[in-house]
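Just so you know, these numbers come straight off a predicted model, no measurement behind them. Heavy atoms only: backbone and side chains are in, while hydrogens, waters and symmetry mates are out. In each ligand, atom 1 is the first atom listed, and ligand 1 is the first ligand listed.
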Amino acid sequence: MAFTGAGISTESGIPDFRSPGGIWSRHRQIMYDEFMRDPAARLEYWRQRCDPEMDMSAAQPNTAHLVLARWEEAGRLQAVVTQNIDGLHQLAGSRRVVELHGTARKVKCQDCAALYEARPYIEEFRTTGRVPSCPACIKGRLKLATISFGQALDADVLQQALDWTHRADLMLAIGSSLVVEPAASLPRLVSERGARLIIINREPTRLDSAADLVLHGSCGELLAEIARCLDA
Ligand code: NAD
Ligand code: ZN
């Protein structure tokens with residue numbers, strides 16, 4: 001299985017969380033309970049998410065996403081568990097994808113749980129400057145279908161990620177600083193079980209000492225190289 005973080009998508013032009021001066025560090029974090037209770041926080045949330053700099057909807061998968069999709073098709077890779085919200089694994093062709101932090105390609109009504117494509121709502125906000133509301137229950141509060149700061153992970157989604165983790169004989173942890181919990185505990189579980197852990201990241205991570213192999217470099221270049229070796 002693969003476990004991926006923001007680093008697998010930087011080569012698609014989406015900045016990761018911890019890059020200095022990154023867009024995420026310039027925005028105030030809106031906590032989930034604030035979003036739920038305060039109309040001004042909802043306006044600020046939509047303003048941030050519709051900022052063209054924050055918008056990931058035009059990004060395309062890169063070599064790393066494509067290699068993983070190809071391995072799944074070839075029966076080499078069982079599943080991708082990702083912390084990313086950009087939807088690029090599915091765009092690359094991966095089918096078994098567990099999105100721990102949800103997806104920015106959809107919006108979800110926080111009152112009736114209805115799901116919609118995000119695109120038209122983002123365009124609506126850009127044109128009108130008004131926070132959109134749910135067409136099904138009329139006044140429902142719409143938010144991207146992602147896990148917000150202060151919001152718990154979806155229990156079923158987390159369980160699916162744990163199931164893959166318990167079954168895996170090898171995990172490739174790709175492009176993650178492995179600090180965000182509870183997601184970062186998945187690679188730890190793999191190494192504690194005695195299954196293989198390979199970490200692919202530009203810089204050292206907390207779990208490097210627990211890994212069987214650590215490859216420092218670009219996700220795209222390293223995965224392309226591994227794919228070439230396997231093909232040979
Ligand atoms: P992170 O930002 O904490 O760590 C990313 C790691 O990837 C860093 O250690 C960095 O050195 C490395 N990296 C960056 N580009 C790389 C490349 N091209 N090749 C190899 N390594 C590279 O990311 P995280 O651990 O995923 O945690 C960030 C949180 O923020 C996640 O929970 C995620 O939901 C969210 N986030 C998502 C996206 C996205 O969906 N693309 C982007 C930013 C943040
Ligand atoms: Zn609704």
Would you mind listing which atoms of ligand 1 come within a distance below 4.0 Å of any non-hydrogen atom of [X]?
| X | answer |
| --- | --- |
| G5 | 26 (O) |
| V180 | 27 (O) |
| E11 | 17 (C), 18 (N), 19 (N) |
| P15 | 42 (C), 43 (C) |
| T10 | 14 (C), 15 (N), 16 (C), 17 (C), 18 (N) |
| I14 | 41 (N) |

Check whether L77 and V81 end up in the same hydrophobic cluster, where Ile, Leu, Val, Met, Phe, Trp and Tyr are linked by side-chain heavy atoms less than 4.5 Å apart.
->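 L77 and V81: separate clusters.
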Do H65 and S9 have side-chain N/O donor and acceptor atoms under 3.5 Å apart?
->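 Short answer, yes.
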Quick check: does V179 get an N/O under 3.5 Å from an N/O on ligand 1?
->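 By distance alone, the answer is no.
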Within the structure, does S177 bring an N/O atom to less than 3.5 angstrom of an N/O atom in ligand 1?
->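 In this structure, S177 places an N or O atom under 3.5 Å from an N or O of ligand 1.
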Please report the closest heavy-atom contact between [X] and [Y], naming both atoms and the distance.
| X | Y | answer |
| --- | --- | --- |
| S218 | E221 | OG-N, 2.9 Å |
| I138 | S133 | O-OG, 3.2 Å |
| E124 | P132 | OE2-CB, 3.7 Å |

Between the side chains of [Y] and [X], is the shortest nitrogen-to-carboxylate-oxygen separation below 4.0 Å, so that they form an ion pair?
| X | Y | value |
| --- | --- | --- |
| D231 | R70 | yes |
| R47 | E44 | yes |
| R228 | E225 | yes |

Does NZ or CZ of R49 fall inside the cone over W46's six-membered ring, less than 6.0 Å from its centre and within 45° of the axis?
->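 No, cation not above the ring by the 6.0 Å, 45° rule.
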I want to confirm something. Looking only at heavy atoms, which of [options] is nearest to [atom]?
| atom | options | answer |
| --- | --- | --- |
| atom 11 (O) of ligand 1 | E203, H101, M56 | E203 |
| atom 34 (O) of ligand 1 | Q83, E221, E99 | Q83 |
| atom 6 (C) of ligand 1 | N201, L215, I85 | N201 |
| atom 5 (C) of ligand 1 | G175, C219, G217 | G175 |

Nearby protein N/O/S atoms (those under 2.8 Å) for the Zn ion (ligand 2), with water ignored |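 N, O, S partners closer than 2.8 Å: C109 SG, C112 SG, C134 SG, C137 SG.
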L88 CG to T82 OG1 distance, which is reported to the nearest 0.5 Å |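 With rounding to 0.5 Å, CG (L88) is 9.0 Å from OG1 (T82).
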Location of contacts on D86 toward ligand 1, heavy atoms closer than 4.0 Å =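 Both backbone and side chain of D86 come within 4.0 Å of ligand 1.
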For ligand 1, is any non-hydrogen atom under 4.0 Å from R202's backbone (N, CA, C, O), its side chain (CB onward), both, or neither?
->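 The part of R202 near ligand 1 is both the backbone and the side chain.
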Would you please indicate if the ring centroids of F149 and Y32 are separated by under 6.0 Å?
->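 Centroid distance F149-Y32: not below 6.0 Å, so no.
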E34 and its salt bridge (Lys or Arg N to Asp or Glu O under 4.0 Å) partner, picked from R42, K143, R28 =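 Considering R42, K143, R28, a salt bridge (Lys or Arg N to Asp or Glu O under 4.0 Å) with E34 is found only for R28.
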Matching residue for M171 among I198, L197, I199 - test: side-chain contact (heavy atoms from CB on, under 4.5 Å) |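 With M171 as partner, I198, L197, I199 yield a single side-chain contact (heavy atoms from CB on, under 4.5 Å), made by L197.
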